[in-house]
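Here's the structure we're looking at; comments come further down.
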Amino acid sequence: MVVVIDSRADMAQERILMKKLKKYHIGILVLSVLGVILLLWAIIATVYNFTGNRHTDHVVLEPKSKSAKYKNAAAVADSRFCAEIARNVIIQGGNAVDAAIAATFCNGVVLPFATGIGGGDFIVIYLKEEKKCVFLNSRETAPSLATEKMYTHDKESAQFGYQSVGIPGELHGLWTAYKKYGSKVIPWSDLVMPATQLAKGFPMHKAMVNYFDRISKYKGRPEIEGLRSLYTSKFTGEFYKVGEIVSNYPLAKLLRVIANSQDPVQLFYNGKVFEEGVAREIFKNSASENCETVPKISIPGSIAEGIIKEMLANGGIITIDDLRNYETHVTVQYRDKKMFNDAEFYHTLIEAQKLAYGQRGHLGDYLFSEVSMQLAKNLTDRKFIKFLSKRVMSQSQDLEYYLAAAPAVLDSGTSQISVVDDDGNAVSLTSSINTAFGSKMLSKYGFIYNNQMDDFSTPGFRNHWGFEPTEANFIQPGRRPMSSMSPTIVFDPNSGEVKMVTGGTGGSKIISAVAQTLVRGLLLGQSAAEIVEMPRVHNQLTPFETEVEEDFSEKILEQLEKEHNQKMEKTDEALAIVYPITRDDDEYTVAADYRRESGNSPAGY
Ligand SMILES: *[C@@H]1O[C@H](CO)[C@@H](O)[C@H](O)[C@H]1NC(C)=O
């Protein structure tokens with residue numbers, strides 16, 4: 001999502017600001033997965049659209065997150081190593097795109113449970129000179145042999161194993177970003193090599209240790225052995241502990257090959273091919289309804305060939321043509337929109353969330369779903385937002401009141417990078433392999449395959465809360481599953497300055513968290529450092545209660561329950577992780593959300 005603000009207002013002066021808000025323009029990049037990112041808009045605009053008393057809960061005592069102020073450039077990622085790598089790229093003359101690419105390779109090494117080249121990305125790029133934003137969609141895509149009901153007979157196969165793997169898009173997206181929008185000053189290899197070094201050894205952190213139960217859950221299954229042994233200490237025979245050094249030499253080797261490649265897309269997505277009878281034999285065992293198509297095996301020499309061999313040997317359905325035909329979707333246009341009024345803060349925020357999440361079931365890849373396109377148009381339409389705002393009552397209503405479409409599938413497991421360079425360009429990049437450790441399948445190349453196919457809906461499968469699935473997100477070859485990823489950049493069209501860069505990780509909670517980040521940064525004038533400390537609220541309609549983080553004000557919580565009929569629930573879980581950069585007084589403030597527990601901290605100069 002791209003938000004354009006048009007104002008000379010002093011953001012610290014809330015009152016003045018509120019008057020001027022009417023003048024603000026918001027531009028929404030029309031995205032190609034369209035979808036969920038636009039729900040952010042619904043939340044923010046609905047909050048905006050309401051008048052009443054606003055509770056600004058300013059009880060920040062001790063900061064738990066690391067934040068910093070920089071004059072020239074700022075970066076934050078899921079690991080401090082990756083933020084520093086991004087900063088170094090900018091100091092060496094690279095731009096925000098180069099920096100984000102280097103940080104993404106790094107994130108893939110240090111947070112392999114969340115991201116990597118076995119997965120996919122959403123990248124929003126702001127080009128200051130042109131005052132223009134670009135959206136790159138390199139999300140995993142359903143293979144050509146995928147079918148709507150492919151998981152009907154074996155639900156587990158949508159999450160675990162090679163059948164759950166969508167065509168990986170990450171490397172394609174990063175190379176596309178580099179070719180089209182990189183500085184051309186920094187060679188490609190310099191962006192990949194720092195990650196290569198880290199793959200040879202980096203210290204284990206709590207964020208990853210927290211997810212080892214996702215591996216031990218499959219104990220005794222031979223398919224999990226690759227992944228289990230990668231993260232098991234040879235000395236203790238147990239999973240690595242925080243601080244112990246972890247190495248992934250196959251990944252280091254792969255990254256070196258990618259670093260030195262003249263065309264990594266050729267290497268990873270192509271490869272010469274020949275037909276092989278044996279393919280049909282192996283392939284018969286897969287659950288696909290479309291066994292007549294004989295997959296092709298390429299001759300040795302390319303990574304593509306290795307991937308296809310792995311697929312064939314393990315019942316996966318991705319073919320060489322799927323890899324060859326993969327494309328990063330690039331979207332350039334955006335539209336200007338206006339925002340209005342004020343809000344009774346938390347109540348309105350919660351109501352806005354319910355109304356937004358209530359439409360999620362209509363979201364999906366708009367190239368394949370008419371209703372998704374229609375909803376996307378609605379969500380960027382002033383009249384529709386007004387209509388939504390009018391549905392915010394002073395009291396919480398019944399579930400049915402908010403439900404425009406059956407709630408969508410769950411999604412999770414992402415990684416975020418936010419960067420501004422010293423020319424004022426910016427990148428917000430969210431990448432993912434879906435659930436923790438993706439399909440749990442470790443490629444011989446050292447990366448983990450995504451299980452993004454599980455983000456689709458399947459006809460007849462009621463979801464977690466008993467709702468029927470909606471057609472907007474059914475599996476179809478070439479289609480990309482609905483996502484909550486919401487990389488966002490806000491800029492002022494007059495000065496061209498970036499006002500905010502943000503984005504987050506945490507599945508469906510990303511939407512409400514990023515919306516709160518924007519509401520705080522734009523409407524309340526808070527800095528990145530303040531924004532990450534504030535306790536967050538989350539209501540995705542199902543379950544029909546509002547989760548609040550533990551340090552949320554007791555007083556406000558009580559008021560919400562008593563005066564607004566809200567059902568509140570404290571949680572000790574993080575309500576997503578956000579990496580905001582804000583700009584004020586010619587200075588960037590950048591913060592690394594403490595909730596990640598990955599030893600993250602920002603960098604800049
Ligand atoms: C979009 O808005 C129109 C008019 O308000 C409405 O009839 C239609 O159902 C909406 N579609 C979606 C998918 O929200």
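Throughout, residue positions are numbered sequentially from 1 according to the sequence presented. Since the model is a prediction, treat every value here as computed from it, not as a measurement. Just so you know, ligand 1 is whichever comes first in the structure, and atom 1 is the first atom listed for that ligand. No hydrogens, no waters, no symmetry mates; every other heavy atom, side chains included, goes into these values.
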Parallel, tilted or perpendicular: rings of Phe544 and Tyr402 (30°, 60°):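 Correct class here is tilted.
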Parallel, tilted or perpendicular: rings of Phe552 and Tyr346 (30°, 60°):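 Perpendicular, since the angle between the ring planes exceeds 60°.
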By side chain to side chain donor-acceptor pair (under 3.5 Å) - contacts of Glu561 (at least two apart):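 Side chain to side chain donor-acceptor pair (under 3.5 Å) check on Glu561 returns nothing, list empty.
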Which residue and heavy atom of the protein sit nearest atom 5 (O) of ligand 1, plus the separation: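 Scanning the protein heavy atoms, the shortest distance from atom 5 (O) of ligand 1 goes to Phe384 CD1, 4.2 Å.
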Atom 9 (O) of ligand 1: the protein heavy-atom neighbour that sits closest, reported with distance to 0.1 Å: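 Looking at atom 9 (O) of ligand 1, the protein heavy atom closest to it is Gln374 OE1, 4.2 Å.
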Polar atom proximity, Asn378 to ligand 1 (N or O, under 3.5 Å):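 N/O-N/O distance under 3.5 Å: yes.
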4.5 Å side-chain heavy-atom contact, Gln566 and Gln559: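 A side-chain contact under 4.5 Å is absent here.
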Val371: numbered ligand 1 atoms lying under 4.0 Å from its heavy atoms: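 Checking each atom against Val371, I get 13 (C).
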Those atoms of ligand 1 less than 4.0 Å from some heavy atom in Leu375: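 Here the atoms of ligand 1 in question are 13 (C), 14 (O).
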Heavy-atom pair of closest approach, residues Arg596 and Ala114: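 Heavy atoms of Arg596 and Ala114 come nearest at NH2-CB, 3.8 Å.
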Heavy atom of protein inside 4.0 Å of atom 7 (O) of ligand 1, strictly below: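 Under 4.0 Å from atom 7 (O) of ligand 1, zero protein heavy atoms found.
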